[in-house]
Amino acid sequence: MDSAEFHESVYNVVRQIPYGKVTSYGHVAKLIGMPRHSRHVGQALKFVSPDTIPPIPWQRVISSSGTISSRGPGTTGAQRQKEALEAEGVEVSEAGRVNFGVYGWFPDVGTVDIGVTLEDEANDDDDT
DNA sequence: ACAATGACCCTGT
DNA sequence: CACAGGGCCATTG
């Protein structure tokens with residue numbers, strides 16, 4: 001799994017988050033089979049540009065605590081994310097928190113097409 | 001090779 | 001709920 005494939009998997013999963021729903025970095029990491037790489041999911045998402053086709057709804061990925069992660073003081077990323085979510089009907093509290101009980105999307109691992117053949121990676125024998 | 005960093009996560013106080 | 005500490009792991013200086 002290269003970083004390129006990692007990104008692909010992340011994008012594929014994120015694209016499948018239903019409109020008006022949100023999930024967490026950690027869950028995305030689990031879905032692509034790398035539960036320890038929650039931080040890198042965010043890293044992958046920051047490479048996303050609004051011009052990407054098909055579009056990647058990066059705003060639907062927040063922290064496991066249900067809050068929008070701050071990109072640091074002076075940045076507007078978190079603010080844009082909040083507005084983007086509200087634009088699709090997701091309620092975001094003033095503290096930047098979303099009610100997972102209502103808007104959470106946490107499908108079981110294996111029920112989501114990650115777009116990468118992880119199932120065939122064990123098949124490397126050279127049958128003649 | 002080492003140290004620091006990051007759109008994270010979990011547990012404990 | 002707020003805060004602190006430890007763990008995690010690829011990337012960057």
Side-chain angles (χ1 to χ4, degrees):
Chain A
M1 170 86 78
D2 292 346
S3 64
E5 287 202 313
F6 177 80
H7 285 191
E8 282 298 307
S9 304
V10 171
Y11 299 158
N12 261 301
V13 170
V14 172
R15 278 197 266 251
Q16 290 175 66
I17 303 174
Y19 181 92
K21 293 285 185 177
V22 296
T23 190
S24 70
Y25 300 98
H27 197 77
V28 171
K30 286 181 184 177
L31 292 178
I32 66 177
M34 301 184 90
R36 311 299 213 216
H37 293 60
S38 52
R39 319 185 70 137
H40 308 292
V41 171
Q43 286 292 8
L45 291 182
K46 81 179 188 182
F47 288 119
V48 173
S49 74
D51 303 323
T52 305
I53 302 295
I56 300 172
W58 55 272
Q59 69 269 24
R60 296 177 195 156
V61 184
I62 62 181
S63 71
S64 65
S65 56
T67 62
I68 293 176
S69 301
S70 175
R71 269 57 145 200
T75 60
T76 59
Q79 181 60 36
R80 287 188 307 133
Q81 181 166 18
K82 180 175 183 291
E83 295 179 3
L85 286 176
E86 292 178 326
E88 51 185 78
V90 176
E91 295 180 57
V92 183
S93 76
E94 194 51 46
R97 196 168 73 218
V98 174
N99 186 338
F100 276 148
V102 178
Y103 306 103
W105 182 76
F106 298 95
D108 195 15
V109 178
T111 64
V112 174
D113 175 28
I114 64 177
V116 178
T117 59
L118 291 178
E119 309 168 20
D120 288 87
E121 66 180 42
N123 183 2
D124 59 273
D125 73 293
D126 55 306
D127 56 302
T128 53

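Each chain gets a letter, A, B and so on, in the order the sequences are listed, and its residues count up from 1. Note that this is a predicted model, so its numbers are computed, not measured.
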Between C:dG13 and B:dA1, how far apart are the two C1' atoms, rounded to whole Å?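 That atom pair is separated by 13 Å.
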For atom C1', what is the distance between B:dG6 and C:dC8, given to the nearest Å?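 To the nearest whole Å, 12 Å.
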Which whole-number value in Å describes the distance from [X] [atom1] to [N] [atom2]?
X	N	atom1	atom2	answer
A:Trp58	B:dC8	CH2	P	13 Å
A:Ile62	B:dG6	CD1	P	21 Å
A:Lys46	C:dT12	NZ	C1'	10 Å
A:Tyr11	B:dA7	OH	P	14 Å
A:Arg71	B:dA7	CZ	P	8 Å
A:His27	B:dA7	NE2	C1'	18 Å
A:Gln43	B:dC9	CD	C1'	15 Å
A:Met34	C:dC9	CE	C1'	9 Å

How would you label the contact of [X] with the nucleic acid (heavy atoms, under 4.0 Å): base, sugar-phosphate, or nothing?
X	answer
A:Ser24	sugar-phosphate
A:Arg97	sugar-phosphate
A:Ser69	sugar-phosphate
A:Thr75	nothing
A:Gly77	nothing

Is it true that, when you exclude A:Glu86 itself, more than 12 heavy atoms of the residues, nucleotides or ligands shown sit nearer than 6.0 Å to its CD?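 Correct, the count exceeds 12.
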So for atom CZ, which belongs to A:Arg97, do other residues, nucleotides or ligands contribute more than 12 heavy atoms lying within a distance under 6.0 Å?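 12 or below, so no.
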Residue [X], side-chain heavy atoms: nucleotide from [options] that is nearest:
X	options	answer
A:Ser64	B:dC8, C:dT11, B:dC10	B:dC10
A:His37	B:dC9, B:dA7, C:dC9	C:dC9
A:His40	C:dA10, C:dC1, B:dC9	C:dA10

Got a donor-acceptor contact below 3.5 angstrom from the A:Tyr19 side chain to the A:Gly89 backbone?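 It does not hold such a pair.
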hbond_proxy A:Arg39 side chain to C:dC8 base (donor-acceptor, 3.5 Å cutoff):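 Such a pair exists between side chain and base.
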Classify the angle between the aromatic ring planes of A:His40 and A:Phe6 as parallel (below 30°), tilted (30 to 60°) or perpendicular (above 60°).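 Plane angle over 60°, so perpendicular.
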A:Tyr25, A:Ile68: one ILVMFWY side-chain cluster at the under-4.5 Å cut-off?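 Different clusters.
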If you pin A:Phe47 and A:Arg36 to their nearest nucleotides in DNA chain C, which one's is more 5'?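 Nearest nucleotide further toward 5': that of A:Arg36.
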